[in-house]
Number of protein chains: 2
Amino acid sequence: MALNYETQLSARNLFEELQIPKRYLMRLLTDLSKSGFIKATRGRSGGYVFARSLDTIYFSEIIDSVEGLLSFEGCVLGSTVCPVDKPCAMHQIWEKPKQTFLETLKTTTLADLRSGKNIRLQ
Amino acid sequence: MALNYETQLSARNLFEELQIPKRYLMRLLTDLSKSGFIKATRGRSGGYVFARSLDTIYFSEIIDSVEGLLSFEGCVLGSTVCPVDKPCAMHQIWEKPKQTFLETLKTTTLADLRSGKNIRLQ
DNA sequence: ATTAAATAATACCTGAAAGTATTAATTTAT
DNA sequence: ATAAATTAATACTTTCAGGTATTATTTAAT
């Protein structure tokens, strides 16, 4: 959708491009609509468009709405907080990849998907 | 085990420290033994010790033996190769966190788990 | 008005990973 | 020899994310 963000697209349109199951796709679209990322229009000639500008939609926000980001923010061993003075065994090792990962999600927007040329959808 | 790598430990010993299900723990230990990371001794006063020096056991190797590393090495969209001249939409965005993640796994050994002080097991 | 094309709601199914149960085999202490 | 303490093998159960199925609602073209 981000590659063609100006136009309203129906589930059918999207299904024809992306080869993911149609019914599943529709459920995801409904979820995204409920979360306010896209705007749904029902009825004949309906479909979906982005509800907000692409450069304001961060990956972290989308993931957060779907499954929560918290699972990534804790430490690998146990999900509770990991105090610096008594860290879990993986704490130091995991810190760098975890931060890089979270930083990517928190600083990348859907607009960044459009930056490349010659893009495959799958 | 890495925090106490010199001593042979039985599943019972380990279970008392880590609070993960005993039977499940045993199955994991058997798998690790089959993969050659630890050496099992059966019978009364049996248990497990590392089969190799800790600083030769990389995280990447352990994960690889359990579930394969390949799933992490491909691109996010689709698991096949992602050619540079026609990359998938996520290719560039995903490159950095993926590399950081893989590099951590490929350069960190069990010996590195012992470097900290005051370590929690969970 | 009727029909077609779309989204919404909701309940169900499925396959794989996580976890459990049971029994067998091995070793050592007595 | 026997019993106790361990690992090994194998089959079963549970859970849950991913995916389906069905029916209802909404809108526009005719």
Side-chain angles (χ1 to χ4, degrees), chain A residues 1 4-52 59 62-72 74 76-79 90 121-122, chain B residues 1 4-52 62-72 74-79 90 121-122:
Chain A
M1 277 186 78
N4 201 0
Y5 74 99
E6 316 88 337
T7 37
Q8 190 182 54
L9 295 164
S10 68
R12 176 193 297 263
N13 297 150
L14 290 165
F15 173 68
E16 277 157 10
E17 293 271 3
L18 318 164
Q19 278 302 32
I20 63 176
K22 187 149 74 182
R23 291 169 191 274
Y24 188 46
L25 171 63
M26 283 199 61
R27 232 189 44 183
L28 297 179
L29 287 167
T30 302
D31 289 349
L32 290 174
S33 169
K34 279 187 189 162
S35 310
F37 297 113
I38 59 183
K39 193 172 59 190
T41 308
R42 282 184 169 200
R44 193 161 181 163
S45 83
Y48 304 93
V49 258
F50 282 102
R52 297 154 43 185
F59 280 91
I62 301 175
I63 293 180
D64 206 25
S65 85
V66 173
E67 59 175 290
L69 254 190
L70 272 173
S71 46
F72 299 111
V76 195
L77 313 174
S79 46
M90 285 296 288
L121 288 177
Q122 32 167 348
Chain B
M1 278 187 76
N4 201 1
Y5 74 98
E6 318 87 339
T7 38
Q8 191 182 54
L9 296 164
S10 68
R12 174 194 297 263
N13 298 148
L14 290 166
F15 172 66
E16 278 157 8
E17 294 270 5
L18 317 166
Q19 278 301 36
I20 62 176
K22 187 148 74 180
R23 292 169 191 273
Y24 188 47
L25 171 64
M26 283 199 61
R27 231 188 46 182
L28 296 179
L29 287 166
T30 303
D31 289 349
L32 290 174
S33 168
K34 278 187 189 162
S35 310
F37 296 113
I38 59 183
K39 193 171 58 189
T41 308
R42 283 184 168 199
R44 193 162 180 161
S45 80
Y48 303 94
V49 259
F50 282 102
R52 298 155 42 187
I62 301 176
I63 292 179
D64 206 24
S65 84
V66 173
E67 59 175 291
L69 254 192
L70 272 173
S71 44
F72 300 109
C75 256
V76 196
L77 312 174
S79 46
M90 286 296 290
L121 289 177
Q122 32 163 350

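Letters A, B, ... are given to chains in the order of the sequence lines, protein chains preceding strands, and every chain is numbered from 1.
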message = What residues from residues 20-27 of chain A pass a heavy-atom cutoff of under 4.0 Å to DNA chain D?
response =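 Under 4.0 Å from DNA chain D: A:Pro21, A:Arg23, A:Tyr24, A:Arg27.
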Closest heavy-atom pair and its distance - [X], [Y]:
| X | Y | answer |
| --- | --- | --- |
| A:Gly36 | A:Ala51 | O-CB, 3.5 Å |
| B:Val49 | B:Glu6 | CG1-O, 4.0 Å |
| A:Asp64 | A:Leu69 | OD1-N, 2.8 Å |
| A:Ala11 | A:Tyr48 | N-CE1, 4.2 Å |
| A:Ser65 | A:Phe37 | OG-CE1, 3.3 Å |

message = Of all nucleotides in DNA chain C that come within under 4.0 Å of a heavy atom of chain A, which is furthest toward the 5' end and which toward the 3' end?
response =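 Nucleotide range with atoms under 4.0 Å of chain A: C:dA4 to C:dA11.
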Can you measure [X] atom [atom1] to [N] atom [atom2] for me and round it to whole angstrom units?
| X | N | atom1 | atom2 | answer |
| --- | --- | --- | --- | --- |
| A:Gln19 | D:dG19 | CD | C1' | 15 Å |
| B:Leu14 | D:dT6 | CG | P | 12 Å |
| B:Leu9 | D:dA5 | CG | P | 18 Å |
| B:Leu29 | D:dA5 | CG | P | 19 Å |
| B:Asn13 | D:dT6 | CG | P | 7 Å |

message = Are more than 12 heavy atoms, taken from residues, nucleotides or ligands other than B:Arg12, located less than 6.0 Å from that residue's CZ atom?
response =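 Atom CZ in B:Arg12 is not crowded, with 12 or fewer foreign heavy atoms closer than 6.0 Å.
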query = Are B:Lys34 and D:dA9 close enough that a side-chain N or O sits under 4.0 Å from OP1 or OP2?
reply =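 Yes.
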message = Output one letter per nucleotide in nucleotides 25-30 of chain D: B when a protein non-hydrogen atom lies under 4.0 Å from the base, S when only the sugar-phosphate is that close, - when neither is.
response = BBBB--
message = Quick check for you: to the nearest 0.5 Å, what is the distance between A:Leu14 atom CG and A:Ile20 atom CD1?
response =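 Those atoms lie 8.5 Å apart.
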ask   = How long is the span from the CD atom in B:Glu16 to the CG atom in B:Asn13, to the nearest 0.5 Å?
value =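 Rounded to the nearest 0.5 Å, the CD-CG separation comes to 6.5 Å.
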query = Given the rule in the side-chain contact (heavy atoms from CB on, under 4.5 Å) test, do B:Leu32 and B:Met1 qualify, once you have shown the distances and angles that lead to the verdict?
reply = CA-CA 12 Å; B:Leu32 290 174; B:Met1 278 187 76; over 6 Å; no
ask   = Is the side chain of B:Ser35 donor-acceptor paired with the backbone N or O of B:Asp31 at a distance under 3.5 Å, no angle test?
value =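 Pair found, side chain donor or acceptor close to backbone of B:Asp31.
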ask   = Is the backbone of B:Met26 close enough, under 3.5 Å, to the side chain of B:Thr30 for a donor and an acceptor to pair up by distance?
value =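 Side chain of B:Thr30 to backbone of B:Met26, a donor-acceptor pair under 3.5 Å: yes, one is there.
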